[in-house]
Amino acid sequence: MAYDTLVREAKDLPEDMIVQIINFMRFLKYASKKEQTEHSISNDITFRRTVNPLADEFISIAEDFDETPECFKEYL
């Protein structure tokens, strides 16, 4: 059914627009394959990336982190 709709919609389009549609379809197929390979190692194993590989470790921030540095105080 979807193929019939594609053919019917493309039937009245000029040749240059059909070429654009074909290129877009190829892009969608490429993007779909790329997304699948980024998230799967094999057909059975998938992995998820973490935001930060050091997230399990403690990261300390200086006490004066939110304070304006001395060199910028003249601009405030």
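Remember, it's a predicted structure, so these values are computed and weren't measured experimentally.
By the salt bridge (charged side-chain N to carboxylate O under 4.0 Å, His left out) test, Lys11 is found to be paired with no residue, residues two or more places apart in sequence or in another chain being considered. When the salt bridge (charged side-chain N to carboxylate O under 4.0 Å, His left out) test is applied to Glu63, no partner is found at least two apart in sequence or on another chain. In terms of the side chain to side chain donor-acceptor pair (under 3.5 Å) criterion, Glu9 has no residue partners (sequence neighbours excluded).
Apart from Leu76 itself, the hydrophobic cluster it occupies contains nothing, where clustering links Ile, Leu, Val, Met, Phe, Trp and Tyr at side-chain heavy-atom distances under 4.5 Å. Clustering of Ile, Leu, Val, Met, Phe, Trp and Tyr by side-chain heavy atoms under 4.5 Å joins Tyr75 with Phe72.
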Which side-chain N or O atoms in residues 16-28 pair as donor and acceptor under 3.5 Å with protein atoms at least two apart or in another chain?
{"from": "Asn23", "atom 1": "ND2", "to": "Val19", "atom 2": "O", "distance (Å)": "3.4"}

